[in-house]
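Structure record follows, encoded as C-alpha coordinates.
All residue numbers in this chain count up from 1 along the given sequence. Reckoned from all heavy atoms, side chains included, excluding hydrogens, waters and symmetry mates.
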Amino acid sequence: MTSPPDPAEDEWTPTYTAPDWYTDPLAEGSPDGPIPWHAVGTDPEPKQDPECHVCRAQPVVTTSIRSHAGLILWGRTRTVTEPLCRQCGIALVRVMTTRTLWQGWWAPVSLLVHTPAALAGNARAHQQFKQLPVSAPERWRPSLVLGRPVWRRPQAYVALVPLACAAALLIDLTSR
(Lines give C-alpha, C1' and ligand atoms only; values in the text may rest on other atoms or scores of the structure.)
Protein backbone atom coordinates (compact mmCIF):
# COMPACT_ATOMS: atom_id res chain seq x y z
CA MET A 1 0.00 0.00 0.00
CA THR A 2 1.39 3.38 -0.97
CA SER A 3 1.00 6.59 1.01
CA PRO A 4 -0.06 9.84 -0.61
CA PRO A 5 2.83 12.00 -1.83
CA ASP A 6 4.23 14.49 0.66
CA PRO A 7 4.25 18.04 -0.77
CA ALA A 8 7.46 18.86 1.13
CA GLU A 9 9.31 16.15 -0.78
CA ASP A 10 8.38 17.59 -4.15
CA GLU A 11 9.85 20.99 -3.32
CA TRP A 12 7.71 22.61 -5.95
CA THR A 13 7.57 26.38 -5.78
CA PRO A 14 5.28 28.53 -7.88
CA THR A 15 6.89 30.93 -10.27
CA TYR A 16 5.73 34.49 -10.74
CA THR A 17 6.79 36.94 -13.34
CA ALA A 18 6.15 40.56 -12.44
CA PRO A 19 4.61 42.78 -15.13
CA ASP A 20 6.86 45.21 -16.95
CA TRP A 21 5.27 48.31 -15.41
CA TYR A 22 6.04 46.99 -11.94
CA THR A 23 9.71 46.34 -12.55
CA ASP A 24 10.32 49.29 -14.89
CA PRO A 25 12.61 51.72 -13.00
CA LEU A 26 11.22 54.61 -15.05
CA ALA A 27 7.62 53.90 -14.03
CA GLU A 28 5.56 56.96 -13.16
CA GLY A 29 5.94 57.93 -9.53
CA SER A 30 9.05 55.86 -8.93
CA PRO A 31 12.17 57.29 -10.56
CA ASP A 32 14.43 55.19 -8.34
CA GLY A 33 12.86 51.76 -8.60
CA PRO A 34 9.68 49.69 -8.75
CA ILE A 35 6.50 50.76 -7.02
CA PRO A 36 5.88 48.65 -3.91
CA TRP A 37 2.65 46.66 -4.12
CA HIS A 38 1.17 48.36 -1.05
CA ALA A 39 1.61 51.84 -2.53
CA VAL A 40 -0.42 51.25 -5.67
CA GLY A 41 -3.80 52.96 -5.46
CA THR A 42 -3.40 54.37 -1.97
CA ASP A 43 -5.22 57.49 -0.89
CA PRO A 44 -3.32 60.76 -0.57
CA GLU A 45 -2.11 61.97 2.80
CA PRO A 46 -4.95 63.26 4.98
CA LYS A 47 -5.25 67.01 5.40
CA GLN A 48 -3.80 68.40 8.59
CA ASP A 49 -5.95 71.54 8.71
CA PRO A 50 -9.43 71.08 10.19
CA GLU A 51 -12.34 71.53 7.83
CA CYS A 52 -16.04 72.24 8.28
CA HIS A 53 -17.99 69.24 9.53
CA VAL A 54 -20.84 69.99 7.10
CA CYS A 55 -19.30 71.35 3.88
CA ARG A 56 -15.52 70.81 4.33
CA ALA A 57 -14.73 74.49 3.83
CA GLN A 58 -11.87 76.26 5.62
CA PRO A 59 -11.13 78.17 7.86
CA VAL A 60 -13.19 76.86 10.76
CA VAL A 61 -13.88 77.49 14.44
CA THR A 62 -14.61 74.72 16.91
CA THR A 63 -17.03 76.02 19.52
CA SER A 64 -20.10 74.83 21.42
CA ILE A 65 -23.59 75.77 20.23
CA ARG A 66 -26.45 74.90 22.56
CA SER A 67 -30.22 74.72 22.53
CA HIS A 68 -32.26 74.21 25.66
CA ALA A 69 -35.83 73.00 26.01
CA GLY A 70 -37.43 73.60 29.41
CA LEU A 71 -39.82 70.80 30.30
CA ILE A 72 -42.12 71.59 33.22
CA LEU A 73 -39.95 69.98 35.92
CA TRP A 74 -36.66 69.45 34.08
CA GLY A 75 -34.94 70.48 30.88
CA ARG A 76 -33.07 69.06 27.92
CA THR A 77 -29.92 70.65 26.53
CA ARG A 78 -28.45 69.74 23.17
CA THR A 79 -24.87 70.73 22.41
CA VAL A 80 -23.06 70.70 19.08
CA THR A 81 -19.27 70.94 19.27
CA GLU A 82 -17.91 70.53 15.76
CA PRO A 83 -15.52 72.49 13.53
CA LEU A 84 -17.77 74.75 11.42
CA CYS A 85 -17.13 77.41 8.77
CA ARG A 86 -18.70 80.87 8.89
CA GLN A 87 -21.92 80.09 7.00
CA CYS A 88 -22.61 76.70 8.58
CA GLY A 89 -21.84 78.04 12.06
CA ILE A 90 -24.07 81.10 11.75
CA ALA A 91 -26.90 78.98 10.31
CA LEU A 92 -26.66 76.49 13.18
CA VAL A 93 -26.49 79.29 15.79
CA ARG A 94 -29.66 80.82 14.32
CA VAL A 95 -31.56 77.53 14.37
CA MET A 96 -30.51 76.53 17.88
CA THR A 97 -31.00 80.02 19.34
CA THR A 98 -34.51 80.23 17.87
CA ARG A 99 -35.30 76.80 19.29
CA THR A 100 -34.03 77.93 22.71
CA LEU A 101 -36.11 81.13 22.59
CA TRP A 102 -39.39 79.32 22.09
CA GLN A 103 -38.75 76.09 24.01
CA GLY A 104 -36.30 77.08 26.72
CA TRP A 105 -38.40 79.04 29.19
CA TRP A 106 -40.94 76.50 30.37
CA ALA A 107 -39.32 75.31 33.61
CA PRO A 108 -38.31 77.44 36.63
CA VAL A 109 -34.65 76.40 36.56
CA SER A 110 -34.57 76.81 32.79
CA LEU A 111 -35.99 80.33 33.07
CA LEU A 112 -33.32 81.43 35.54
CA VAL A 113 -30.21 79.42 34.59
CA HIS A 114 -30.11 77.17 31.55
CA THR A 115 -31.77 79.30 28.88
CA PRO A 116 -29.80 82.50 29.63
CA ALA A 117 -26.58 80.45 29.70
CA ALA A 118 -27.38 78.85 26.34
CA LEU A 119 -28.27 82.22 24.78
CA ALA A 120 -25.07 83.83 26.10
CA GLY A 121 -22.96 80.93 24.81
CA ASN A 122 -24.63 81.13 21.41
CA ALA A 123 -23.96 84.89 21.27
CA ARG A 124 -20.24 84.22 21.89
CA ALA A 125 -20.23 81.49 19.21
CA HIS A 126 -21.98 83.86 16.78
CA GLN A 127 -19.26 86.47 17.30
CA GLN A 128 -16.54 83.86 16.68
CA PHE A 129 -18.18 82.83 13.42
CA LYS A 130 -18.63 86.45 12.33
CA GLN A 131 -14.86 86.99 12.61
CA LEU A 132 -14.13 84.23 10.07
CA PRO A 133 -13.75 85.13 6.39
CA VAL A 134 -16.36 83.88 3.94
CA SER A 135 -15.27 80.53 2.50
CA ALA A 136 -16.42 78.45 -0.45
CA PRO A 137 -17.62 74.90 0.27
CA GLU A 138 -16.84 71.94 -1.93
CA ARG A 139 -19.21 71.58 -4.86
CA TRP A 140 -20.76 68.27 -3.79
CA ARG A 141 -21.05 69.25 -0.10
CA PRO A 142 -23.11 72.45 0.13
CA SER A 143 -23.09 74.50 3.31
CA LEU A 144 -26.14 75.09 5.50
CA VAL A 145 -28.64 77.73 4.41
CA LEU A 146 -28.45 80.85 6.61
CA GLY A 147 -32.18 81.51 6.68
CA ARG A 148 -33.65 84.57 8.33
CA PRO A 149 -32.02 86.24 11.33
CA VAL A 150 -33.34 85.16 14.72
CA TRP A 151 -35.50 88.25 15.32
CA ARG A 152 -37.22 87.80 11.93
CA ARG A 153 -38.44 84.32 12.87
CA PRO A 154 -41.88 84.14 14.54
CA GLN A 155 -40.84 81.36 16.96
CA ALA A 156 -38.42 83.75 18.67
CA TYR A 157 -41.31 85.90 19.93
CA VAL A 158 -42.77 83.05 21.99
CA ALA A 159 -40.06 83.98 24.51
CA LEU A 160 -41.97 87.17 25.29
CA VAL A 161 -44.77 85.22 27.03
CA PRO A 162 -42.71 83.73 29.90
CA LEU A 163 -40.60 86.88 30.12
CA ALA A 164 -43.75 88.98 30.54
CA CYS A 165 -45.00 86.55 33.20
CA ALA A 166 -41.65 86.71 35.02
CA ALA A 167 -41.65 90.52 34.85
CA ALA A 168 -45.22 90.65 36.20
CA LEU A 169 -44.26 88.30 39.03
CA LEU A 170 -41.23 90.44 39.95
CA ILE A 171 -43.29 93.64 39.89
CA ASP A 172 -45.93 92.02 42.05
CA LEU A 173 -43.35 90.75 44.55
CA THR A 174 -41.55 94.10 44.79
CA SER A 175 -44.73 96.19 45.12
CA ARG A 176 -45.97 94.41 48.24
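- Thr100 and His68 share no side-chain donor-acceptor pair at under 3.5 Å.
- Distance check: Ile90 CD1 to Thr97 OG1 gives 11.5 Å after rounding to the nearest 0.5 Å.
- No chain of hydrophobic side-chain contacts below 4.5 Å, direct or via other Ile, Leu, Val, Met, Phe, Trp or Tyr residues, connects Leu119 to Trp106.
- One N or O on the side chain of Thr98 and one on the backbone of Arg94 form a donor-acceptor pair closer than 3.5 Å.
- The structure places CG of Asp49 at 5.0 Å from CD of Gln58, a figure rounded to the nearest 0.5 Å.
- Distance alone, capped at 3.5 Å, places no donor-acceptor pair between the Ser143 side chain and the Cys55 backbone.
- Under the 3.5 Å distance criterion, the side-chain polar atoms of Thr174 are matched with a main-chain donor or acceptor of Ile171.
- Looking at Arg56, its side chain never comes within 3.5 Å of a backbone N or O of Arg141 through a donor-acceptor pair.
- When the side chains of ILVMFWY residues are joined at heavy-atom separations under 4.5 Å, either directly or via intervening members, Met96 and Leu84 end up in a single hydrophobic cluster.
- The number of heavy atoms from other shown groups lying within 6.0 Å of NE2 (His53) does not exceed 12.
- Around atom CG of Leu169, more than 12 heavy atoms belonging to other residues, nucleotides or ligands sit under 6.0 Å away.
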Open item on the list: With side chain to side chain contact (heavy atoms under 4.5 Å, CB included) as the criterion, how do Leu146 and Gln87 come out once you've worked through the C-alpha distance, each side chain's angles and the decisive distance to 0.1 Å?
Closed with: CA-CA 7 Å; Leu146 283 176; Gln87 183 164 344; 3.9 Å; yes

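- No donor-acceptor distance shorter than 3.5 angstrom exists from the side chain of Ser135 to the backbone of Pro59, with no hydrogens or angles considered.
- Closest of all the heavy-atom pairs between Val60 and Cys85 is CG1-N, 4.0 Å.
- Cluster annotation: Trp74 is not connected to Leu111 through the hydrophobic network of ILVMFWY side chains, with a link wherever side-chain heavy atoms come within less than 4.5 Å.
- Trp105 and Trp151 fall within the same hydrophobic cluster, defined by Ile, Leu, Val, Met, Phe, Trp and Tyr side-chain heavy atoms under 4.5 Å apart, directly or through other members.
- Side chain of Tyr157 to backbone of Arg152: no donor-acceptor contact under 3.5 angstrom is found.
- The closest donor-acceptor contact from the side chain of Arg66 to the backbone of Val80 lies at 3.5 Å or more, if one exists at all.
- For the pair Glu82 (side chain) and Cys52 (backbone), a donor-acceptor distance under 3.5 Å is absent.
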Task: Candidate pair Thr81 and Thr62, rule side chain to side chain contact (heavy atoms under 4.5 Å, CB included), full reasoning - done: CA-CA 6 Å; Thr81 305; Thr62 302; 4.2 Å; yes

Task: Criterion side chain to side chain contact (heavy atoms under 4.5 Å, CB included) on Val95 and Arg99, from CA distance to verdict - done: CA-CA 6 Å; Val95 167; Arg99 188 175 296 151; 3.8 Å; yes

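- Residues Gln155 and Leu101 fail the side-chain proximity criterion, which asks for heavy atoms closer than 4.5 Å.
- Connection of Val54 to Val93 is established within a shared hydrophobic cluster, with ILVMFWY side chains joined at heavy-atom distances below 4.5 Å, either directly or through further cluster members.
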